[in-house]
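The block underneath contains the structure these notes are about, expressed in structure tokens.
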Amino acid sequence: MTLMEEAIRGRVPPSIAQVAGREGIDPAKLARLVAAGRVVIPANIRRAELDPVGIGEMLTVKVNINLGTSQNLDSPEAEVEKALAAVEAGTDALMDLSTGGDLDLVRRRILASVKVPLGTVPIYQAAVQKELTCQGMFDALERQARDGVDFVTVHAGVNKISLERLRQDPRLMGVVSRGGSLTMKYIADTGEENPYYQEFDYLLEMAREYDLTLSLGDGLRPGCIEDASDRAKYTEFIMLGELVRRARAAGVQAMVEGPGHVPADEIQTSVRAMKHLTDGAPLYLLGPLVTDVAPGYDHITAAMGGVIAGMAGADFLCATTPSEHLDLPTREDVVEGAYVTRIAAHAADLTRPGVRERARSWDLQMAQARAALDWDGQFRAAINPSLARRIRHRRGLETDTCTMCSELCAIRLTREAMEKGRNKDQESA
Ligand code: SF4
């Protein structure tokens, strides 16, 4: 029985209880959200050691970090090092998007090194191994599921119908999703339908066997502001909504991926449409990046979009790093992307039903430490304590204020003025 089926039967398996405890939500309520498909807890039954994570309604916004080799840079050690650094920086999940070297080795080493949920995109392995066939795509998926991968991206919404829509309404940048473009290539080369769409029932059987969570990929996500919110994207959302319904009927957990590059004023519409068309399936967004013109700063353009998307109902943010559009991320890029995306997720949590109060208590902790000029307290409350500590001490000047205003510290002046006022009041009483 899958986790979703257990939840449908009103049970609270250990992973649901564990997530409920961490999120401060009633376990029975969380089980109902899992049963309804509004929360997913990716957990492959073959995963040796896993700290389960809940993604969806009434839970905090989660963060994913993408890792993986490329054909130019294929060191498994480097990817494991990035995975460990990303976990230390607080990511909730990882995706191994490797396309270079020994893909099985990289994946297995990451799985053995971390306890956060791991996702993959099986079509990459099929393509790298020159097996971009129906059989090759399912073999890659099963191979990865057997290793214990917790969720897989399948671009099942890229099919002949959505591609016809794209042809009728061409874009400046076409298809920028790697999985989406490989699926297009398969359809163009063979004249056949996308196997993950055509054989979706078989895909569900395989997912059931490992209790694999499906992440229904946004293969037609817009790759630039000019292409945002077009007909092809919405056609794909409609397809994904239908596939979510079929996955739920089969007791398979499913979330939905979203764009991409979207101007700030279209994000709310986009998120609400995706939530509506997928009956509230957990929504996993890449960015969205709110402008195209900031290479080197795309972790920031994505975080801006992430806050707006999280406020509108997105549940899971895929971190972008400073390397986006430029290079394979380094360890430092991954860490930077993790922190910046966590900040976006937390900023959204401050407004999010079900988690707002808990999120605000963290900010309250920081505000109280700031008001008391309690520097250790500020470091403890900081999202990245070591960075805050390093900046505070970098000039070696130890004062109870900071070098920004020094003797003119507004917090201290206010405190002294208030104390003086209170003393005068006492004297005159
Ligand atoms: S010196 Fe200025 S910036 Fe620094 S703590 Fe005081 S008020 Fe804040």
Side-chain angles (χ1 to χ4, degrees), residues 24 60-61 63 65 85-92 264 287 289-291 293-311 317 319-322 330-352 355-429:
T60 53
V61 174
V63 171
I65 293 286
V87 170
E88 199 182 326
T91 191
D92 299 292
L289 281 65
V290 294
T291 172
V293 302
Y297 296 102
D298 274 331
H299 54 315
I300 295 171
T301 64
M304 290 173 179
V307 177
I308 302 169
M311 286 171 64
L317 302 180
T320 305
T321 76
T330 62
R331 179 189 178 284
E332 289 67 34
D333 292 334
V334 159
V335 169
E336 186 72 6
Y339 279 118
V340 170
T341 312
R342 281 187 63 208
I343 294 165
H346 175 68
D349 284 344
L350 292 172
T351 71
R352 192 169 165 88
V355 302
R356 190 182 293 143
E357 298 308 319
R358 198 154 39 94
R360 289 190 181 195
S361 70
W362 185 6
D363 289 67
L364 181 62
Q365 201 187 326
M366 176 61 90
Q368 286 169 336
R370 281 201 177 127
L373 290 172
D374 168 6
W375 295 98
D376 285 335
Q378 291 178 54
F379 301 148
R380 278 194 299 278
I383 198 160
N384 183 347
S386 63
L387 176 67
R389 191 175 282 111
R390 184 154 41 85
I391 293 175
R392 160 84 180 150
H393 295 303
R394 67 187 168 190
R395 295 177 205 272
L397 296 169
E398 297 301 328
T399 62
D400 65 335
T401 65
C402 76
T403 51
M404 181 72 192
C405 332
S406 308
E407 290 302 308
L408 302 180
C409 172
I411 292 172
R412 197 172 66 181
L413 290 175
T414 303
R415 190 169 64 194
E416 289 169 355
M418 297 292 273
E419 272 167 18
K420 257 186 209 156
R422 264 196 304 276
N423 290 344
K424 276 195 184 143
D425 286 349
Q426 279 168 1
E427 282 165 16
S428 57

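Predicted, not measured: the structure shown is a model, and the values here were computed from it. Start at 1 and go down the list; that is how both ligands and their atoms are numbered.
For residues 390-404, the pairs satisfying salt bridge (charged side-chain N to carboxylate O under 4.0 Å, His left out) are Asp400-Arg412, with sequence neighbours left out.
A side-chain donor-acceptor contact under 3.5 Å links Asp363 and His346.
For the side chain to side chain contact (heavy atoms under 4.5 Å, CB included) test, residues two or more places apart in sequence or in another chain that qualify with Ile300 are Tyr297, Met304. Every residue two or more places apart in sequence or in another chain was checked for a salt bridge (charged side-chain N to carboxylate O under 4.0 Å, His left out) with Arg415, and none qualifies.
Shown are the protein N/O/S atoms under 2.8 Å from atom 6 (Fe) of ligand 1, given by residue and atom: Cys409 SG.
Pairing each heavy atom of Thr301 with each of Asp298, the nearest pair is OG1-OD1, 2.8 Å.
By the neighbour-count criterion of 12 heavy atoms within 6.0 Å, atom CE of Met366 is densely surrounded, having more than that number from other residues, nucleotides or ligands.
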